[in-house]
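Okay, structure first, notes after.
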Amino acid sequence: MEFLRPAGWEEALAAKAEYPDAVPLAGGTDLMVELNFGHRRPERLLDLGRIAELKEWETDGDSVRLGAGVPYTRIMEGLRRELPGLALASHTVASPQIRHRGGVGGNLGTASPAGDAHPALLAAGAEVEAVSARGTRLIPIDDFYLGPKRNALAPDELIRAVRVRRADGPQQYAKVGTRNAMVIAVCAFGLALHPQTRSVRTGIGSAAPTPVRAREAEEFLGGVLEEERCWESGRVVPPAAARHFADLCAAACSPIDDVRGTAAYRRRAVGVLARRTLGWAWEEYRGSARATEGAA
Amino acid sequence: MSGLTDPRGTSGLTDPRGTSGVTGRRPAPVIPGVRSELGPPGPLAGLPTRFARRAGNAGGVGESVLRPDGVLKVTGEFAFSSDLWHEHMLWGHLLRSTVAHAEILSVDVSEALATPGVHAVLTYDDLPTEVRHYGLEIQDTPVLAHGRIRHHGEPIAAVAADHPEIARRAAAKIKVEYRELPLITDEASATAPDAVLIHEDRTDHHAPHVPHPNVVHRQPIVRGDVEEAAARADFVVRGEYEFGMQDQAFLGPESGMAVPAEDGGVDLYVATQWLHADLRQIAPVLGLPEDKVRMTLAGVGGAFGGREDLSMQIHACLLALRTGRPVKMVFNRYESFFGHVHRHPARLVYEHGATKDGKLTHVRARIVLDGGAYASSSPAVVGNAASLGVGPYEVDAVEVEALALYTNNPPCGAMRGFGAVQACFAYEAQMDRLADAVGMDRVEFRQRNAMTQGSVLPTGQVVDAPAPVAELLRRVKELPLPEERPWETGTGAVDVRALPGGLSNTSHGEGVVRGVGYAVGIKNVGFSEGFDDYSTARVRLEAAGGEAVASVHTAMAEVGQGGVTVHAQIARTELGVSQVTIHPADTRVGSAGSTSASRQTYVTGGAVKRACELVRERVLELGRARFGATRPGWPADGSPDELRLEGGEVVAADGTVLASLAEILGDEAVEVETEWRHRPTEPFHRHTGQGDGHVQYSFAAHRAVVDVDVELGLVKVVELACAQDVGKAVNPLAVVGQIQGGSTQGLGVALMEEIVVDRATGLVRNPSFTDYLIPTILDTPPMPVEVLELADDNAPYGLRGAGEAPTLSSTPAILAAVRAATGRDLRRAPVRPEHLTDG
Amino acid sequence: MMRVRLTVNGRAREADDVWEGESLLYVLRERLGLPGSKNACEQGECGSCTVRLDGVPVCACLVAAGQAEGCEVVTVEGLAPEGELSTVQRAFVDAGAVQCGFCTPGLLVAADDLLDRNPKPADADIREALSGNLCRCTGYEKIMDAVRLAAARRCAEPEGDRA
């Protein structure tokens, strides 16, 4: 095994170009488990830990360029206002120790359907900045997840950052696990209200082979909010519409039974989370939300 | 590149410590003794403390003396079994089966053996003697698999190499050909007429008496006329219950080091619960006399029953003897799930009857425990489940049958609560249902039927010590209830950490319903059924620096419970000294028995007390011989009771100091080694289960308060209160710690802990801390504890074994609370979110 | 094989012949003679290997040894000068927060970090900060007591006396 330690981003891209099989190592919170238990024996590790720009974010007008290696702790502490959904998601990641190491780049690179960041990124409408020695391309998050633990990166590409529009409305995130901390999602749900475009976006985790959006639910709810002029009036989402939205979110899942939960439970729970997060986000939009302590 | 060779061309990994430039070498294993000194603080500043210091010898019995190994444990210096290092040591590693039931057609180790850096690869054929099996009760477990695999993860080969990664890689190169066999997974498949026998040609002493060779042991308990009693019942409830497979999940993985000795023997440093039981099983396999296998207890990172069986002991010794080098073995967490037995999963069928006025008429029960592929301690677990299967209640008519199966599931054996846990879960659910049927308050119904001193158990044994069952229930019930809606902070904000789901932000109060539940249980203390349950202690008293100091040497496994603290306390109380050294536990002293069955404070504590008494007699004889003639006040005869040893002095009844211990001892040391036994027990009758099978009982009651998100099926335990009778709180701080720790393990199996075995393949699906979940600090509530001290006159200081009882009633109390919140029946533990939301 | 240089508990250290897949935890325990950080799960699920890496508590089992090159690491062995106990260490002993002790080193590093950031934590803050550290023996109650006690004692001490 070889341990490649590029000192800077260009060097990392060159190394990845030369050795496309080199496995990027950032926070180590996924990969090191595989190494410790002999599940994976890559020829080369590509340590991205000393590349400073990966651990920074820039806010430029309407969007945030979030370095792939910014630890979740810093996202939940520093980006609550700009990326509230992702900040909430970050707070649900594993444990304080893991949140100090792991970042969004690793979640995207691993592309596990259970990655905590995915539903928030889907709901916010992020773009993944994939870079190789050949150049940079922006992959819309909707096109990024190809299958369980498969993503749209080319072998020579590395994730430099995600670009996310600064929140223009309330965002929520909730995750179900069978323990009150340090747990992998049985299912998770992200929701973002986008008043500027009068749209609603969602993201569902751990309830399909990849993270998915509930597009039909989004369109349905968008239509209702438009029709009922809710965006302008700030009136309550009609309960029947909220319920139908939740049902459509549940229907967007294609979960499996596994050791963490049953398919039927996941579907049901996604519906509950959809209804609740919509309620919280809409309340906030109406300007009467209660502050939430402890949750980012 | 295969990955194991160095990219720069050197061959394989080399021993890292053999090269220069490596810093931080540590010496060969030295397991230090611990000195118990009286810590500076009394009651903790800024903290409420319910225990005042008492009169008598400072730091003695009844005080919250601090752990003598505490400082080593907080500085990182305490040498756990995985921390040992030795020059030129090798790393041992086991290859385990990837299937649950198969014939082994061939094992080819040639490639592994040829790997650079590999020093030995052993299979069954390399075992040095004809003794190739081991086991606590039945020697049915192969050291390395021979011809057949009976469960997932069974050891097949052992590898020793320079680096753990080399060993792992080499093991992966061993080629094993299997021919899979049909799986035995439950009672139906185990006892089917054409069932494959898990063990053919059984010769163990239970074999002639079992209904089927795939039944390890069966114990009926029959008392009174159940038919007649059932006819008198105004209300009858029947229920089927299921209890999942729980893992001890001690944090310190199985590990240790074997060091070959010049005399052909081996020194083994290991984490275990019972050194001498290990020794008895190890030595014959190695072909060594027991005195050539010298065992020392290394630091133990928790046990809870999971270290009662052997894990890596024999393999490490075999590799060390084969290679002539020290061998260290450390299971990783994945392997740990295969490296020890688990709590038996169980199916339980109960029928309870009661009259209109709330008196139990009868109980019928059938308890089927899945023992898995090897016997371990299944027979004793069966005995407990049967004899304690009715709970702490008076019932005149009882029919209980408990049995353990052989299957292809993971082997099950000892875990805290040992057979009494599964039964308590079921009978307490039954008691709630029956109370509801009768129309009585659930606690009152229990109290009406509660056992007391003098009650007769279903085994016919009279409970001859206090049994404050009703009082324990009263105490937990009277505690103030925790506040409702604790997530509301008063400012309109919500603290999700106080809600079901916690930081996962699943609820801001929506769907949350509170429930309260109660349960009580009974656990036996000590080894039962006629087992010769004894311990050995060696106590030495000598003068050093003008002060008498005591040292205590036992083979008791300190696994975290605080036995070392208690031994020092006993020595202080009995000998009136302040300085006590606790010698490391090893096999140079007689057996202490197991650190299990809540027995060590009772039995090894009893042995230390007895040894101290003998030392005291000798010291007083010595004192009388030295000073009897010259100093007034020395009684004429040997060691009269009116003399006290206090503050390093011999004190007469009137308070006169007769001599200091140091001046009596002079240059002489007084040393006594003695064995001590509790009252004998007898086996249960094979057909009726009658017999005085148990030594002592321990009782605890819980009240659980939960908030359940009924839409998502997520549970937050808000408070888990416990009342327990400990007879005598030898160390109040430690006993509360035991109660809280035991309660939490009960919480775990109520809500999240279960080893899941795939029914189609027999493979364990969640052997990791990612998917086998134990409670975090955010899952664990405040746990108020009420400690009762009603002395058992048969036991040293009146104490009662305390470690296990809280694990019993915690689970059913939580289940009862969840039932109360959800209105669901919930016949299974652990209860999962889908059980609370389906339908 | 590679060489890794890092600072551990204030001392410059180096380890040779480190396999590229080795964790910082392995290097500390098996190469640098610092076995205080514990190896309970090696998958980031228990916190018993918690160390400070450049000031921040992390699971040493999930840090590749090579990633620690040039870093500052503080382990349980570095919480107090030799022969002394830090306030948090003392409190764990005094409050009965130690049973088997396997989780203790990781909890101490996590608790120490908490009290540095938040000298007067509420109970919920303590629970959140320690939610990545499993303990199987105590049920956490005495650990809560210990952290409360340490917080109280640290607040009572003059700044300079703090170990």
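If you're wondering where the values come from, they're calculated on a predicted model, not measured in any experiment. Letters go in sequence order (proteins before strands), and every chain restarts at 1.
With a 4.5 Å cut-off on non-hydrogen atoms, B:Thr776 touches chain C through its backbone and its side chain both. Contact of B:Val559 with chain C is made through the backbone alone, with heavy-atom distances under 4.5 Å. Interface remark: B:Tyr334 contributes no atoms to any contact with chain C (heavy atom separation under 4.5 Å). Using a 4.5 Å cut-off between heavy atoms, B:Ser255 makes no contact with chain C at all. Only the backbone of B:Pro781 comes within contact range of chain C, judged by heavy atoms closer than 4.5 Å.
Your options are B:Pro164, B:Gly76, B:Gly560, and the one with the most heavy-atom pairs under 4.5 Å with chain C is B:Gly560. Interface summary for chain C: among B:Gln740, B:Gln745, B:Gln738, the most heavy-atom pairs under 4.5 angstrom belong to B:Gln740. Comparing B:Phe304, B:Phe331, B:Phe78 by heavy-atom pairs within less than 4.5 Å of chain C, the highest count is held by B:Phe304. In terms of heavy-atom pairs under 4.5 Å with chain B, the best-connected choice from C:Glu77, C:Gln43, C:Lys38 is C:Gln43. Between chain C and the options B:Leu720, B:Val71, B:Ile774, B:Leu773, heavy-atom pairs under 4.5 Å are most frequent for B:Ile774. When the candidates B:Thr744, B:Leu778, B:Thr770 are compared by the number of heavy-atom contacts under 4.5 Å with chain C, B:Thr770 comes out ahead. Per-residue heavy-atom pair counts under 4.5 Å with chain C were compared for B:Gly748, B:Ala734, B:Gly70, B:Gly301, and the maximum is reached by B:Gly301. Of the listed residues (C:Cys100, C:Gly36, C:Gly139), the one with the most heavy-atom contacts under 4.5 Å to chain B is C:Cys100.
Heavy-atom minimum distance, C:Gln89 versus C:Ser86: OE1-N, 2.8 Å. Of all the heavy atoms in B:Arg416 and B:Thr807, the pair that sits closest is CD-OG1, 3.2 Å. Contact detail for C:Phe92 and C:Thr104: the closest heavy-atom pair is CD2-CG2, 4.1 Å.
By the salt bridge (Lys or Arg N to Asp or Glu O under 4.0 Å) test, C:Asp54 is found to be paired with no residue, residues two or more places apart in sequence or in another chain being considered.
A side-chain donor-acceptor contact under 3.5 Å links B:Ser336 and B:Glu254. At a cut-off of 3.5 Å, with distance as the only test, no side-chain donor of B:Ser743 or B:Ser810 sits close to an acceptor on the other residue.
Using a 4.0 Å cut-off between a side-chain N of Lys or Arg and a carboxylate O of Asp or Glu, C:Glu30 and B:Lys328 qualify as a salt bridge. A salt bridge is absent between B:Arg333 and C:Glu45; no separation between the charged side-chain nitrogens and carboxylate oxygens falls under 4.0 Å.
Note: C:Asn39 CG to C:Cys49 SG = 9.0 Å, rounded to the nearest 0.5 Å.
Aromatic ring pairs are classed by plane angle as parallel below 30°, tilted from 30° to 60° and perpendicular above 60°; the pair B:His163 and C:Tyr26 is tilted.
No donor-acceptor pair closer than 3.5 Å links the side chain of B:Gln248 to the backbone N or O of B:Ala303. Distance alone, capped at 3.5 Å, places no donor-acceptor pair between the B:Arg497 side chain and the B:Leu503 backbone.
Residue-level contacts of residues 130-137 of chain C with chain B, in order of numbering, are C:Leu130, C:Ser131, C:Leu134, C:Cys135, C:Arg136, C:Cys137; threshold 4.5 Å between heavy atoms.
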